[in-house]
Amino acid sequence: MEKAKKSPEKRERIIRAAKQAFSSQGFYRTRISDIAKAANVADGTVYVYFEGKEQLLSSIFEESMSRFLDAGRRELDGMEGALPRLRRVLELHLESLGSDPELATIFQIELRHSARFMGAYSRSRLRDYFRMIEELLEEGQREGIFRRDLDLWFTTKLVFGLLDETATNWVLSERNYRLSSRLDEVMDFLIHGIQSIPS
């Protein structure tokens with residue numbers, strides 16, 4: 001018997017329902033039946049598209065990261081200067097999470113609850129994002145605006161960590177301010193650090 005064709009629209013409904021459920025109930029408390037009900041499909045239909053909750057969570061992450069990376073590359077195309085290019089990538093990071101509170105909650109809270117997923121998370125599209133930041137840091141070194149002695153991969157992780165903690169703080173503060181409003185503080189810290197320069 002021939003398999004029924006999968007519907008992209010139905011798959012998208014399941015993804016949207018999973019996002020809402022994971023962000024409001026938490027990954028572990030969410031049942032497949034909760035997702036199916038919200039997506040208006042039978043429980044078994046979810047398994048036609050996804051092996052289970054972990055694959056749903058992975059798909060939300062992978063697809064969101066792919067959209068972010070595509071947008072980042074488009075934005076950087078034609079821009080000149082490592083510093084404005086780095087600033088724009090960081091701004092996109094904060095804007096993309098700030099405009100989607102459900103996604104921000106999943107990224108900043110729910111993804112951290114699974115050690116197995118965190119291992120896959122660190123080897124997935126996140127590595128492509130790290131490479132983008134690393135290339136911008138290297139570009140800045142060539143331009144003479146970033147220190148030549150930086151360990152690029154370590155500094156890349158520090159840049160991401162600063163963004164990550166900024167977003168986590170926003171989620172935990174019940175999102176009572178605009179996440180992208182922290183961009184200037186993030187950039188100032190990256191460029192000037194915490195050292196007090198005598199006047």
Calculate, to the nearest 0.5 Å, the distance between atoms [atom1] and [atom2] belonging to [X] and [Y] respectively.
{"X": "Thr156", "Y": "Glu138", "atom1": "OG1", "atom2": "CD", "answer": "9.5 Å"}
{"X": "Leu90", "Y": "Leu162", "atom1": "CG", "atom2": "CG", "answer": "7.5 Å"}
{"X": "Leu137", "Y": "Met132", "atom1": "CG", "atom2": "CE", "answer": "12.5 Å"}
{"X": "Met187", "Y": "Leu83", "atom1": "CE", "atom2": "CG", "answer": "4.5 Å"}
{"X": "Met65", "Y": "Ser96", "atom1": "CE", "atom2": "OG", "answer": "8.5 Å"}
{"X": "Ile60", "Y": "Ile106", "atom1": "CD1", "atom2": "CD1", "answer": "4.5 Å"}

Presence of salt bridge, [Y] and [X], under 4.0 angstrom:
{"X": "Arg85", "Y": "Glu135", "result": "no"}
{"X": "Glu91", "Y": "Arg87", "result": "no"}
{"X": "Asp77", "Y": "Arg74", "result": "no"}
{"X": "Arg131", "Y": "Asp128", "result": "yes"}
{"X": "Asp100", "Y": "Lys19", "result": "yes"}

Side-chain heavy-atom pair [X], [Y] within 4.5 angstrom cut-off:
{"X": "Gln20", "Y": "Glu102", "value": "yes"}
{"X": "Leu172", "Y": "Ile109", "value": "yes"}
{"X": "Asn169", "Y": "Gln108", "value": "no"}
{"X": "Ile15", "Y": "Arg11", "value": "yes"}
{"X": "Leu97", "Y": "Val171", "value": "no"}
{"X": "Phe146", "Y": "Glu139", "value": "no"}
{"X": "Glu185", "Y": "Asp188", "value": "no"}

Donor-acceptor contact present, side-chain [X] to main-chain [Y], <3.5 Å:
{"X": "Arg29", "Y": "Gln25", "answer": "yes"}
{"X": "Glu110", "Y": "Phe27", "answer": "yes"}
{"X": "Glu165", "Y": "Gly161", "answer": "no"}
{"X": "Trp170", "Y": "Tyr177", "answer": "yes"}
{"X": "Tyr49", "Y": "Ser7", "answer": "yes"}
{"X": "Thr45", "Y": "Val41", "answer": "no"}
{"X": "Arg148", "Y": "Gln141", "answer": "yes"}

Specify the closest pair of heavy atoms between [X] and [Y], including all atoms of both residues, with the distance to one decimal.
{"X": "Val89", "Y": "Tyr129", "value": "CG1-CE1, 3.7 Å"}
{"X": "Ala36", "Y": "Asp43", "value": "CB-OD1, 3.4 Å"}
{"X": "Leu179", "Y": "Ala167", "value": "CD1-CA, 4.0 Å"}
{"X": "Thr30", "Y": "Ala21", "value": "OG1-O, 3.3 Å"}
{"X": "Glu143", "Y": "Gly81", "value": "OE2-CA, 3.6 Å"}
{"X": "Ile32", "Y": "Gly52", "value": "CD1-C, 4.3 Å"}

- Message: Using salt bridge (charged side-chain N to carboxylate O under 4.0 Å, His left out), reason through Arg73 and Asp70 one step at a time and then give a plain yes or no.
- Response: CA-CA 5 Å; Arg73 292 183 186 109; Asp70 289 345; 3.7 Å; yes
- For salt bridge (charged side-chain N to carboxylate O under 4.0 Å, His left out), just list the numbers for Arg88 and Glu95, CA-CA rounded to whole Å, side-chain angles, deciding distance to a tenth of an Å, and then say yes or no. CA-CA 10 Å; Arg88 184 57 185 141; Glu95 285 178 347; 3.4 Å; yes
- Query: Which is it for Val159 and Phe130 under the side chain to side chain contact (heavy atoms under 4.5 Å, CB included) test, yes or no, and what are the steps along the way?
  - Reply: CA-CA 9 Å; Val159 171; Phe130 283 179; over 6 Å; no
- Query: Are Ile133 and Leu158 connected in a single hydrophobic cluster, I mean Ile/Leu/Val/Met/Phe/Trp/Tyr linked by side-chain heavy atoms less than 4.5 Å apart?
  - Reply: no
- Message: Side-chain heavy atoms nearer than 4.5 Å, only ILVMFWY residues, links allowed to pass through others: does that put Phe50 and Tyr28 together?
- Response: yes
- Task: Sort out for me which residue in Asp151, Leu150, Thr155 forms a side chain to side chain contact (heavy atoms under 4.5 Å, CB included) with Trp153.
- Result: Asp151
- Query: Do the rings of Phe107 and Phe61 sit parallel, tilted or perpendicular, given the 30° and 60° boundaries?
  - Reply: tilted
- Could you check Leu57 against Glu54 for side chain to side chain contact (heavy atoms under 4.5 Å, CB included), going step by step and ending with a plain yes or no? CA-CA 5 Å; Leu57 187 62; Glu54 287 225 346; 5.6 Å; no
